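Beneath this line is the structure, given in structure tokens, with notes to follow.
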Amino acid sequence: MSEEKKKDFIREAIDADIAEGRFDGRVHTRFPPEPNGYLHIGHAKAFGLNFQIAEDFGGKCNLRFDDTNPTKESTEFVDAIIEDIKWMGYDWEDRLFYASDYYETLFDYAMQLIDAGKAYVDDLSGDEIREYRGTLKEPGKPSPWRDRSPEENRTLFQEMRDGKHPDGSKVLRAKIDMASPNINMRDPVMYRILRAHHHRTGDAWCIYPMYDWAHGQSDSLESITHSLCSLEFEDHRPLYEWFLENLGIYAPRQIEFARLKLTNTVMSKRKLRTLVEEGVVDGWDDPRMPTLSGMRRRGYPPAAIKDFLSRMGVAKRDSVIDIAQLEFSVRENLNKNAPRVMAVLKPLKVVITNYPEDQVEHFTAINNPEDESAGTRELPFSREIYVETTDFWEDPPKKFHRLGPGREVRLKHAYYITFQEAIKNDAGEVVELRCTYDPESRGASTPDGRKVRGTIHWVSVPHAKDAEVRNYDRLFLTDAPDTEENWQESVNPDALETLQGAKVEPSLAEADPGSGYQFMRHGYYALENKPTSGDKLIFHRTVPLRDSWGKTQKKS
RNA sequence: UGGGGAGUCGUUCAAUGGUAGGACAUCGGCCUUUGACGCCGAGUAUCUAGGUUCGAAUCCUAGCUCCCCAGCCA
């Protein structure tokens, strides 16, 4: 289906490179996450693009952790990132790398620049460096240490590595141009002294490369042909090229694209981390989060996420995509793949007064009308059933095709029943319904072919299984909370609704953790994928069914 | 107002000098043993002003608006 789809500007650029014979026609990409948080759907756009392009062009894609800041990184994040990318169906084979694999090489490269008089050790403090850097309009001025000799720089830099200087006392900087209009070129810091335990190199190093110094060389070392990254690195490109050129090593082509943003959520790692740390959500994998682990738990199929991403395409313009677009892809996927089951979320007991007291019948139900191969299952039916509380209305509007005074409805797969009486408690609340059924309507249609407009779902009381159902809504009430000063005030307090007393059909007792279903007339739900205590079933609402009835109701 | 980017329906992606199109969203209608799905239909867009051209979203000029950059973060 995506065959006729227009190629994006990146693929066009790669086509052109191949046509020219650039990189000998090779295509080799990479996804370079920093292991300082969980991956979200924005990252999925980035790694999906890299892996997909490699696949489409018959090339390869590496996974490389850009682990240059040990104070923020951990193996927990490394493991989570690996799990998420695998879940999305991508494979880097044996090409799993870390920037920390290259620390030694990077150190040697730095020495090369020092020897060439293109890097120097600076004793200025952090504040001073900032002052000397100038502003967006004013050029910077050279550090007093800028003209140290290569010999002295070599000695000092070695001492930095050997731990002879305290944290923050010195840095290694590239000697480029303090007056450059591009601030990234004003003698950027290459190394800082940082006595921090690294998740892979342990305490072997007390100096760590800056991302800008590590990134381009890492791509070079891996013979990457196309370094795809987001827009904000556009003006770092000249710096990366400067490093590569002055080192005299292989240079990839960097192409920048716009990050993915979604409405009604936040996407920055800092904000996601805040939500986790302040307990606004239960963790990185809370189903309300835009993280891949959250979406997995919530029941979003990887294929639906991929479909969404391919529909969105890739461009350079800043955009915020309506989250409804994602939900569309999820619904479309689940509509084809999710088995239909009946679940009563807010149960109301119905006694079918003319149905034999101890009788149990079984009806054959189609598992998925969209997929014949999904087969059928047997549904037990008895005198007492649960129906949805909202499927009864004492004083219904005209177009309410459900239970109410004098109304007959179809019980999906079973019988027609007609409302007779509502039993109320002392508070006047309806606690039970009395109905009669038409034995002629077995299988939910009658010989006389009469029309019954309403069809409702139900669960047999003695066969029902208990379940907890968690209904999710948008995490934020506003379109772009990311741009708001007090963004946390836009958190949707009703983003989670927990229903404790749900009753579901017995077949669900055998459901696999993480598997998805359509609760008919409600939405798509996924069984909790984490170990739970007790035998209660916990379902997460993946996405509700579209509801034109609810929509028209709201209008009136 | 230094440098780097970007402006096309409500949203997003296309149209690469030749009829501005798709998807989502919205609004109608049909269908229905899920008020789902499906089907049919509708409306709404080229940032502005000039210029080149038979013809401009596309090329030129001048503006305007938005995003990114002054971490020893990535």
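Convention: sequence-line order gives letters A, B, ...; per-chain numbering from 1. Computed from a prediction, not measured in an experiment: that's the story for all the values here.
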Side chain of [X], heavy atoms from C-beta onward: which of [options] has the nearest atom to it?
X: A/V189; options: B/A74, B/C72, B/G2; value: B/C72
X: A/Q325; options: B/C13, B/A23, B/C73; value: B/A23
X: A/K137; options: B/C27, B/U1, B/A74; value: B/U1

To the nearest Å, give me how far apart [atom1] ([X]) and [atom2] ([N]) are.
X: A/W549; N: B/U34; atom1: CH2; atom2: C1'; answer: 15 Å
X: A/R195; N: B/C72; atom1: CZ; atom2: P; answer: 19 Å
X: A/R546; N: B/C39; atom1: CZ; atom2: P; answer: 12 Å
X: A/D371; N: B/U34; atom1: CG; atom2: P; answer: 17 Å
X: A/I193; N: B/G71; atom1: CD1; atom2: P; answer: 19 Å
X: A/L239; N: B/C73; atom1: CG; atom2: C1'; answer: 15 Å

For RNA chain B, whose closest nucleotide is more 5', that of A/P181 or that of A/I129? A/P181
Along RNA chain B (nearest heavy atom to each residue), the more 5'-positioned of A/S169 and A/K316: A/K316
Is A/R130 side chain donor-acceptor paired with the B/G71 base, going by distance under 3.5 Å alone? no
With a centroid cutoff of 5.5 Å and a plane-angle limit of 30°, would you call A/H215 stacked on B/A74? no
Mind checking whether A/W393 and A/F400 have parallel, tilted or perpendicular rings, split at 30° and 60°? perpendicular
Partner of B/A6 under the Watson-Crick or G-U wobble criteria, both distances under 3.5 Å, comes out as B/U65
Taking side-chain hydrogen bond (donor to acceptor under 3.5 Å, both in side chains) as the definition, give me every residue that meets it alongside A/R148, ordered by chain and number, with sequence neighbours left out. A/D123
Got a sec: does the CD1 of A/I366 have more than 12 other heavy atoms crowding it under 6.0 Å? no
Look at all strands and tell whether [X] reaches a base, only sugar-phosphate, or nothing, counting heavy atoms closer than 4.0 Å.
X: A/R340; value: base
X: A/H413; value: base
X: A/A315; value: sugar-phosphate

For B/G50 and B/C64, measure between their C1' atoms and round to the nearest Å. 14 Å
Is the closest basic N to carboxylate O distance between A/R30 and A/E222 below 4.0 Å? no
Taking A/A444's backbone N and O only, do any of them form a donor-acceptor pair with A/R410's side chain (distance below 3.5 Å, no angle check)? yes
